[in-house]
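Proteins get letters first, then strands, A, B, ... in listed order; numbering begins at 1 in each. Basis for what follows: all heavy atoms, side chains included, without hydrogens, waters or symmetry-related copies.
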2 protein chains.
Amino acid sequence: MGEQLRRRTGIDAEKILDAALTLFARQGYQVTSMDEIGSSLGIKGPSLYNHVRSKQEVLVTIMTNTMSALIRAQNAALEAGGDFKTQLRRVVEAHVRYHAAHPREAFVGNREIGSLETEYRVELLELRDAYEHKLRSLIEDGSLEGEFLVPSAKLVSYAILEMGIGVATWFNPLGELGVDEVAYVYAEMALRMVTMRTHTEETSLL
Amino acid sequence: MGEQLRRRTGIDAEKILDAALTLFARQGYQVTSMDEIGSSLGIKGPSLYNHVRSKQEVLVTIMTNTMSALIRAQNAALEAGGDFKTQLRRVVEAHVRYHAAHPREAFVGNREIGSLETEYRVELLELRDAYEHKLRSLIEDGSLEGEFLVPSAKLVSYAILEMGIGVATWFNPLGELGVDEVAYVYAEMALRMVTMRTHTEETSLL
DNA sequence: CCTACCGATCGGTAGG
DNA sequence: CCTACCGATCGGTAGG
């Protein structure tokens, strides 16, 4: 009997987003229940509705935050200036660093697009598109200036982003390769992809 | 009143796998019900159990078939022989061709690993690992022979596979680029990744 | 922030 | 291959 000892919970929307992010990343959005999210914060499922409007809103916020962070990092890389090679290096490093440091965000962002209701999905894909086009434009501009030579700016852009996303899958901060080394290697690979090979008979494919 | 006109259904496990694959790819495993799968074949959900043991078995079969097909294609590419560059080109082209031609399998195979029960997930990850190691060994062997020069065979292998998987996301058989052109471009990018750049000050990073 | 509960969905089985 | 149904889960609301 007697009143339950109630510790200051200090629960807010941000803590809920973080707990949900962990669970969504580990087991998926659909399979995660509001009760589970609450439970990982020491409260019951229905109590979450004092802080968030719906489970869908939680997912939308997580995914929008993720794309915003990526776009901010990309803009910072581009605004630092330098020649095209330097800019490409910085953009790729920023992309890889984000995915190495934020695997949960990367998992959810890349796997749960289909779990978004249509209107939100459309908005998110637009952000994603803008992110890709910034990289593509850099490659196109560098090609016009003669610094790069690529078979297809679009495909090279897709490939660079995709391989960087993969880092989130396997990167281990306690592994033998640190985030710096991984970022450098991916930037080097990207630079090779936009640079003519030494002995090449098939440089201009398209 | 009168017996319902019953067309020959001709339903078998294979048809069920194909229908399930389409739905799993479009909306995800968890969200797809057995009733939906049945409905897309003109029968009721419970009738599926005359052909398959469980929904999980359907997913396992789909994903195992996918990895088997990829491994077969990779082996064929390697057995065709040639120098290391030729082998790498063939392996990458086979990888890309599969993902361009089988987007449903690619979506499910890369998004639903977490929907597999532990034992099946372990088995599938072993197949995946073997597939990656075949490519990695090719890169390592080519490096020992002096045909390739890479900052990390492991990372280059990861990057090549990951960028090829991405093709399943955007490739459109009716688009301006055909599957041949896409395969060639990705092989060219892979070859650049394992080849020293012309003007390079930072070739050996690790 | 909690209990109680509504309305709906779902995988799988029984029995034909 | 179908209907009927079991047992369980879940998002969200009511009302405190």
Side-chain angles (χ1 to χ4, degrees), chain A residues 1-21 23-24 26-63 108 112 114-120, chain B residues 1-21 23-24 26-63 108 112 114-120:
Chain A
M1 312 255 168
E3 203 171 303
Q4 190 110 4
L5 197 146
R6 194 182 300 187
R7 250 185 296 159
R8 283 223 48 34
T9 57
I11 287 188
D12 56 14
E14 206 168 340
K15 282 209 178 65
I16 292 173
L17 290 176
D18 189 71
L21 177 55
L23 291 166
F24 290 171
R26 189 185 302 153
Q27 56 193 19
Y29 172 78
Q30 317 274 4
V31 127
T32 300
S33 69
M34 292 300 269
D35 262 311
E36 265 181 301
I37 298 172
S39 184
S40 82
L41 292 166
I43 64 178
K44 300 291 178 183
S47 303
L48 295 171
Y49 290 89
N50 290 311
H51 305 280
V52 300
R53 244 184 292 275
S54 67
K55 190 182 167 190
Q56 175 76 197
E57 186 206 56
V58 172
L59 180 63
V60 170
T61 308
I62 287 173
M63 293 183 71
V108 174
E112 305 293 354
S115 302
L116 290 173
E117 286 161 18
T118 313
E119 39 172 336
Y120 301 120
Chain B
M1 322 225 160
E3 200 171 305
Q4 189 109 7
L5 196 146
R6 193 181 300 187
R7 250 187 296 160
R8 282 221 51 32
T9 57
I11 286 187
D12 56 14
E14 207 166 340
K15 283 209 177 65
I16 293 173
L17 289 176
D18 189 70
L21 178 54
L23 290 165
F24 291 170
R26 189 185 303 152
Q27 55 194 20
Y29 172 77
Q30 318 273 2
V31 128
T32 301
S33 69
M34 291 301 270
D35 263 311
E36 266 181 300
I37 298 171
S39 184
S40 82
L41 293 166
I43 65 178
K44 300 291 179 182
S47 303
L48 296 171
Y49 291 89
N50 290 310
H51 304 280
V52 299
R53 243 185 292 277
S54 69
K55 189 183 169 190
Q56 175 76 199
E57 187 206 54
V58 171
L59 179 63
V60 170
T61 307
I62 287 173
M63 293 183 71
V108 174
E112 304 293 354
S115 302
L116 290 172
E117 289 162 16
T118 312
E119 39 172 337
Y120 301 119

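- Checking N50(A) against Y29(A), the closest nucleotide of DNA chain D that is more toward the 5' end is the one next to Y29(A).
- Distance OH (Y49(A)) to C1' (dG16(D)): 19 Å, rounded to an integer number of Å.
- Looking at K15(B), its side chain does come within 3.5 Å of a backbone N or O of G10(B) through a donor-acceptor pair.
- Residues meeting the side chain to side chain contact (heavy atoms under 4.5 Å, CB included) test with S39(A), sequence neighbours left out: none.
- Applying the side chain to side chain contact (heavy atoms under 4.5 Å, CB included) rule to Q30(A) yields the partners S115(A), Q30(B), V31(B); only residues at least two apart in sequence or on another chain are considered.
- DNA chain D contains the following stems of three or more consecutive Watson-Crick or G-U pairs, with both distances under 3.5 Å: C:1-16 with D:1-16.
- Computed from coordinates, the L41(A) CG to dC2(C) P distance equals 11 Å when rounded to whole Å.
- K44(B) places its NZ atom 17 Å from the C1' atom of dG16(C), with the value rounded to the nearest Å.
- The NE2-C1' distance, from H51(B) to dT13(C), rounds to 16 Å in whole Å.
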Quick one: side chains of residues 40-51 of chain A, donor-acceptor pairs under 3.5 Å with protein atoms, not counting sequence neighbours, listed by atom name and distance.
| from | atom 1 | to | atom 2 | distance (Å) |
| --- | --- | --- | --- | --- |
| S40(A) | OG | I37(A) | O | 2.9 |
| N50(A) | ND2 | S47(A) | O | 3.3 |

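- Comparing dC1(D), dG12(C), dG11(D) by their closest approach to the side chain of S54(B) singles out dG12(C).
- Distance OG1/T32(A) to CD/E112(A): 8.0 Å, rounded to 0.5 Å.
- Listed by chain and number, the residues in a side chain to side chain contact (heavy atoms under 4.5 Å, CB included) with R53(A) are E57(A) (sequence neighbours excluded).
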Protein proximity profile, nucleotides 4-10 of chain C - base contact B, sugar-phosphate-only contact S, no contact -, cut-off 4.0 Å on heavy atoms: B-----S
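- The distance between atom CG of L48(B) and atom C1' of dC1(D), rounded to the nearest whole Å, is 10 Å.
- Of the residues listed (L21(A), V58(A), L116(A)), the one engaging M63(A) in a side-chain contact (heavy atoms from CB on, under 4.5 Å) is L116(A), and it is the only one.
- When every heavy atom of K55(A) is checked against every heavy atom of Y29(A), the shortest pair comes out as NZ-O, 3.0 Å.
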